[in-house]
Amino acid sequence: MAQRTVLVVLFDDVQSLDVTGPVEVFAGADKHVPGTYRVRTASLDGGAVRTSSGLTLVPDTALADAPDPHTLLVPGGQGTRGPDPRLTDWLREHGPRAERLVSVCTGAILLAEAGLLDGRRATTHWAYADTLARDHPAIEVDAEPVYVRDGRVSTSAGVTAGIDLALALVEEDLGRDVALGVARHLVVFLRRPGNQAQFSAQLRAQTARREPLREVQRWVTEHPDGDLSVESLAARALLSPRHFARAFRAETGLTPGRYVDRVRLEHARRLLEDTGDGVEEVSRASGYGTPEAMRRAFVKALATSPAEYRRRFRPAAPSAERPPASSKGSPCRSPSSSSTASPPWTP
């Protein structure tokens, strides 16, 4: 198997996690399968750079001396606003030479300035998506997904999304087992599907100011299979249904019904990804009641059926590693707890 060079571009005020997250993934994969990745870092002049958090990173070389990589990775950070023109020029010249072009967070801004995203679909940190779309109308900017892959160009959302994207690339290169091994060691999920929203249902909605409404939000999240009618939730908040519905929308930006829909859909997606339970069990645990009701919700929101969603996004790990679904609380768990075997490598 040919070794793939991963070149990470460094610059002042880079976001340190945008660099170290993907680097740990590729370096970890190389420890699983030695000789598959060679990670290199480079700055404009080969000098040390200071990250936005104050850390100092010392690159391996200058960009001018760096070899043409298989994967060119451009991180984000405050340094992507008003970058050195020489960096943009270098990306414009060398970006097309890479077999894979990857950005993390606002690294997409640098790719855009170099003209490397024109005519493509891309994402970036949610706070900068509007700016990217306004300044570069030739790009189809999608602020929703964790990451977007458009041919040889891949862009990801903020910070930890770079880890998700790197794991997806490792899975493409070396297979699911290697990606799963790296994810376990880093104590992260194998990967979030690229089309998963940057925000959970709770984060997408505003947090209510008043405690009774905040308690209702928590209750909905923890009991997706419960009675979540407006009347029931209003009684929990000690308000009339009409007053509750009006106050909930005013303070969260969503109607109670819309919030419930999002929580149930997210809960069902996570169960389909992380457990081996049947569609009927998942539909009950997520509050849909029947598989048909859940199917309609998936088709409306995601344009796919629950079965197809599972086929596309559930990691193909042994069934013994899948926990049973629970109708209460989150199904999340640390991937490292699913096996008692010793890790294949240590840092």
Is any NZ, NE, NH1 or NH2 atom of the basic residue among R218 and E211 found under 4.0 Å from an Asp or Glu carboxylate oxygen of the other?
yes

Applying side-chain contact (heavy atoms from CB on, under 4.5 Å), run through L110 and E113 and close with a yes or a no.
CA-CA 5 Å; L110 294 179; E113 292 289 342; 5.5 Å; no

Using a 6.0 Å cut-off, check whether atom CZ of R97 has over 12 heavy atoms from anything other than its own residue.
yes

For residues 63-73, pull every pair meeting side-chain hydrogen bond (donor to acceptor under 3.5 Å, both in side chains), keeping only residues two or more places apart or in separate chains.
T71-R100

Do the charged groups of D60 and R38 touch, with an N to O distance under 4.0 Å?
no

Heavy-atom pair of closest approach, residues V182 and G28
CG2-C, 3.8 Å

Which one of S43, P83, P75 satisfies the side-chain contact (heavy atoms from CB on, under 4.5 Å) criterion with F11?
P75

Residues pairing under ring-ring contact (aromatic ring centres under 6.0 Å, His included) where one sits in residues 81-121, two or more places apart or in two chains, turn out to be W90-H94

Restricting to side chain to side chain contact (heavy atoms under 4.5 Å, CB included), what partner residues turn up for S286, sequence neighbours left out?
H267, A268, L271, V282, Y288

Could you grab the distance from atom CG of L213 to atom CZ of R236, nearest 0.5 Å is fine?
13.0 Å

Show the nearest heavy-atom pair for residues A122 and L117, with the distance to one decimal.
CB-CD1, 4.1 Å

Just wondering, do R264 and V220 contact through their side chains at under 4.5 Å, heavy atoms?
no

Straight-line distance of R50 CZ to L55 CG, nearest 0.5 Å:
8.0 Å

Do side-chain atoms of D118 reach the backbone of A138 as a donor and acceptor pair under 3.5 angstrom?
no

Does Y128 form a side-chain contact (heavy atoms from CB on, under 4.5 Å) with R81? I'd like the steps, not just the answer.
CA-CA 11 Å; Y128 297 93; R81 274 78 82 192; 3.2 Å; yes

Residues R296 and E292 bridged, charged N to O under 4.0 Å
yes

Can we say R86 and D89 salt-bridge, meaning some charged N sits less than 4.0 Å from an Asp/Glu carboxylate O?
no

So OG of S283 and CZ of F298: to nearest 0.5 Å the spacing works out to 10.0 Å

With a 4.5 Å heavy-atom cut-off, do L57 and T41 have their side chains touching?
no

Residues passing the ring-ring contact (aromatic ring centres under 6.0 Å, His included) test with F26, sequence neighbours excluded, are Y37

Quick check against the 3.5 Å criterion: does S232 have a side-chain atom that pairs as donor or acceptor with the backbone of D227?
yes

Do the side chain of R176 and the main chain of E171 share a donor and acceptor less than 3.5 angstrom apart?
no

Approximate separation, where rounding is to 0.5 Å, of R311 CZ and T304 OG1:
8.5 Å

Is any side-chain N of the basic residue among E281 and R284 closer than 4.0 Å to the acidic one's carboxylate O?
no

Expected output: side-chain T155 to main-chain T123 donor-acceptor under 3.5 Å:
yes

Give, for atom CZ of R246 and atom OG of S240, the distance between the pair rounded to the nearest 0.5 Å.
7.0 Å

Could you tell me whether the side chains of D13 and S52 share a donor-acceptor contact shorter than 3.5 Å?
no

NZ/NE/NH1/NH2 to OD/OE distance under 4.0 Å, R149 and E172
yes

How close do R210 and A247 get, heavy atom to heavy atom, and via which atoms?
NH2-CB, 3.2 Å

Which heavy atom of T56 sits nearest a heavy atom of A48, and at what distance?
CG2-CB, 3.8 Å

Are any non-hydrogen side-chain atoms of V104 and L73 less than 4.5 angstrom apart?
yes

Residue set satisfying side chain to side chain contact (heavy atoms under 4.5 Å, CB included) with R120, at least two apart, ordered chain then number -> D150, R152, V153

F248: what forms a ring-ring contact (aromatic ring centres under 6.0 Å, His included) with it, not counting sequence neighbours?
F244, Y259

Between T106 (side chain) and I109 (backbone), is there a donor-acceptor pair under 3.5 Å?
no

When V102 is tested against each of L72, L169, L111, V74 for side-chain contact (heavy atoms from CB on, under 4.5 Å), which residue passes?
L169

Minimum-distance pair of heavy atoms, taken over all atoms of P59 and L10
CB-CD1, 3.9 Å

Cut-off 3.5 Å, side chains only: do T51 and S16 have a donor facing an acceptor?
no

Salt-bridge present (R270, E266; N to O < 4.0 Å)
yes

Rounded to the nearest 0.5 Å, the CD atom of Q78 sits from the OG1 atom of T80 at a distance of 9.0 Å

Given side chains that start at C-beta, do those of V146 and L165 come closer than 4.5 Å, heavy atoms only?
no

Indicate, with yes or no, if L302 and L272 share a hydrophobic cluster defined by side-chain heavy-atom contacts under 4.5 Å among Ile, Leu, Val, Met, Phe, Trp and Tyr.
yes

Over 12 non-hydrogen atoms of neighbours within 6.0 angstrom of CZ in R249:
no

Could you go through V9 and L87, starting from their C-alpha distance and side-chain angles, then the distance that decides it, and tell me whether this counts as side-chain contact (heavy atoms from CB on, under 4.5 Å)?
CA-CA 9 Å; V9 177; L87 178 57; 3.6 Å; yes

Closer than 3.5 angstrom, by distance alone: can the side chain of D142 be matched with the main-chain N or O of E144 as a donor-acceptor pair?
yes

Student check: side-chain heavy atoms of L17 and T160 closer than 4.5 Å
no

Locate the shortest heavy-atom distance separating L228 from V260; write the atom from each residue and the value.
CD1-CG1, 3.8 Å

What's the verdict on side-chain contact (heavy atoms from CB on, under 4.5 Å) for L180 and L167, showing C-alpha distance, side-chain angles and the deciding distance?
CA-CA 8 Å; L180 179 60; L167 285 169; over 6 Å; no

Contact check, side chains of R40 and V8, non-hydrogen atoms, under 4.5 Å:
no

